[in-house]
Number of protein chains: 2
Amino acid sequence: MKESIDLKSQLRQHGHKLTTQRAEVWEVLKGAPGHLTAEQVAADTASGVNLASVYRALGLFTDIGIARESRLGNDDAARWEVAHPDDEFHIVCRSCGRVEHHGGDLVQQIRTHLSNSHGFEAATVELAVSGECSRCSDPSAA
Amino acid sequence: MKESIDLKSQLRQHGHKLTTQRAEVWEVLKGAPGHLTAEQVAADTASGVNLASVYRALGLFTDIGIARESRLGNDDAARWEVAHPDDEFHIVCRSCGRVEHHGGDLVQQIRTHLSNSHGFEAATVELAVSGECSRCSDPSAA
DNA sequence: ATGCGTATTGCGAATCGTTCGCAATTAACC
DNA sequence: GGTTAATTGCGAACGATTCGCAATACGCAT
Ligand SMILES: [Mn+2]
Ligand SMILES: [Mn+2]
Ligand SMILES: [Zn+2]
Ligand SMILES: [Zn+2]
């Protein structure tokens, strides 16, 4: 099973407090299936955490590395999720907007090529592919 | 030498007029070394084209495929350049913000893998790598 | 060249996502 | 429980982009 992140210790390690709001925001992120906007997080929060505080929490989580922020598709709002490595990249359906994750060594290959052939050590590799997802391209397959 | 795009015919083909403002915006894009914000384009424009009109022109150029829009690094403003294929991806220095282009077949490999192994035809592949550029990581190399 | 009808411009106001300032609250440590 | 600095909530501010609309300028046909 997947290691569960201990929010309290992660925050402590970076010199921050564990507040009820942060805990609630974290709970929403953990429970959500996908990539949420700050507004969605705020809405799903147990006690209705203030939007500005949600932004602050999400920003903090991203800074300390337990959450990941991305801008997907044509979307103008940022979205967050529990952190996952770059290697698991995003495939965004340009019809319905659904996002799938794709693992494998494709991203590693990019890193390796840049390092071996160009002496460049990639800090982050952001890869996002768009196209029609199976549900949208083949309407018959329910 | 690189084929030069004929703005007038590209616009005609898509049912749009060639205006002096569009010509000026295009001139700026063609002449610019890098990736420009709408504000920068407006500023560099011969007759000071209005910012809203610059946005409209850049949006149109992007729609008809002769310009490319990207959001690089932590930057919150969109940037434009004369269109180039996805295969030439972006390497962004997280210290100085400089952007380099990197060609090769890495992006094609991604497309091929997704098609062969998953029957997924990628419409766009957006790849952006971050790290320290040579100038920033090795200060001695002037 | 001239005139027409429509696409396009410029301008300011509006919108949207996100951040800020600051007084009131609260978590962490004693 | 008391102290104190970190955090919250609120509303106002912000920057990027878009919109509405009257004035203008293309493109095409005279
Ligand atoms: Mn993800
Ligand atoms: Mn580019
Ligand atoms: Zn879909
Ligand atoms: Zn640099």
Neighbours of DNA chain C within residues 25-50 of chain A, by heavy-atom distance under 4.0 Å: none

Nucleotides bounding contact with chain A, strand DNA chain C, heavy-atom threshold 4.0 Å: C/dG17 to C/dA28

Partners meeting salt bridge (charged side-chain N to carboxylate O under 4.0 Å, His left out) with B/D75 (sequence neighbours left out): B/R79

Separation of D/dG15 C1' from B/D75 CG (nearest whole Å): 12 Å

B/E39 atom CD: more than 12 heavy-atom contacts under 6.0 Å: no

Would you tabulate the side-chain donor-acceptor contacts of residues 65-72 of chain B under 3.5 Å, counting partners in other chains and residues two or more places apart, or write 'none'?
from	atom 1	to	atom 2	distance (Å)
B/R68	NE	B/H84	O	3.1
B/R68	NH2	B/H84	O	3.2
B/R68	NH2	B/D86	OD1	2.4
B/R71	NH2	B/D76	O	3.4

Which residues share a ring pair (Phe, Tyr, Trp, His ring centres under 6.0 Å) with B/H16, sequence neighbours left out: none

Flag if over 12 foreign heavy atoms under 6.0 Å of CD, A/Q109: yes

Enclosure of B/N74 CG (heavy-atom neighbours >12, cutoff 6.0 Å): no

A/R22 vs B/H16, nearer the 5' end of DNA chain D by closest nucleotide: A/R22

A/H35 versus A/H90, side-chain donor and acceptor atoms under 3.5 Å: yes

Test side chain to side chain donor-acceptor pair (under 3.5 Å) applied to B/T20 - qualifying residues, sequence neighbours left out: none

Sugar-phosphate, base or nothing in reach of B/R71, heavy atoms under 4.0 Å: sugar-phosphate

Between D/dA16 (P) and B/L51 (CG): distance, integer Å: 10 Å

For the student: nearest non-hydrogen atoms of A/F120 and B/G131, plus distance: CZ-CA, 3.6 Å

Separation of atom CG in A/D76 from atom C1' in D/dT17, rounded to whole Å: 9 Å

Any residue meeting side chain to side chain donor-acceptor pair (under 3.5 Å) with A/S95, in chain and number order, not counting sequence neighbours: A/E132

Where at least one partner belongs to residues 42-52 of chain A, residue pairs that pass side chain to side chain donor-acceptor pair (under 3.5 Å), sequence neighbours excluded: A/E24-A/S47

Set of ring pair (Phe, Tyr, Trp, His ring centres under 6.0 Å) partners for B/W26, sequence neighbours left out: B/F61

Length of the CD-C1' vector between B/E69 and D/dT17, whole Å: 10 Å

Stretch residues 54-63 of chain A: residues that reach within less than 4.0 Å of DNA chain C through a heavy atom: A/Y55, A/R56

Residues that A/H14 engages under ring pair (Phe, Tyr, Trp, His ring centres under 6.0 Å), provided they are two or more places apart: none

Sugar-phosphate only, base, or nothing, as touched by A/A77 at under 4.0 Å among non-hydrogen atoms: sugar-phosphate

Between the protein and nucleotides 22-26 of chain D, are there any N/O to N/O pairs under 3.5 Å, and if so, what are the atom names and distances?
from	atom 1	to	atom 2	distance (Å)
D/dC26	O3'	B/L18	O	3.2
D/dC26	O2	B/K17	NZ	2.7

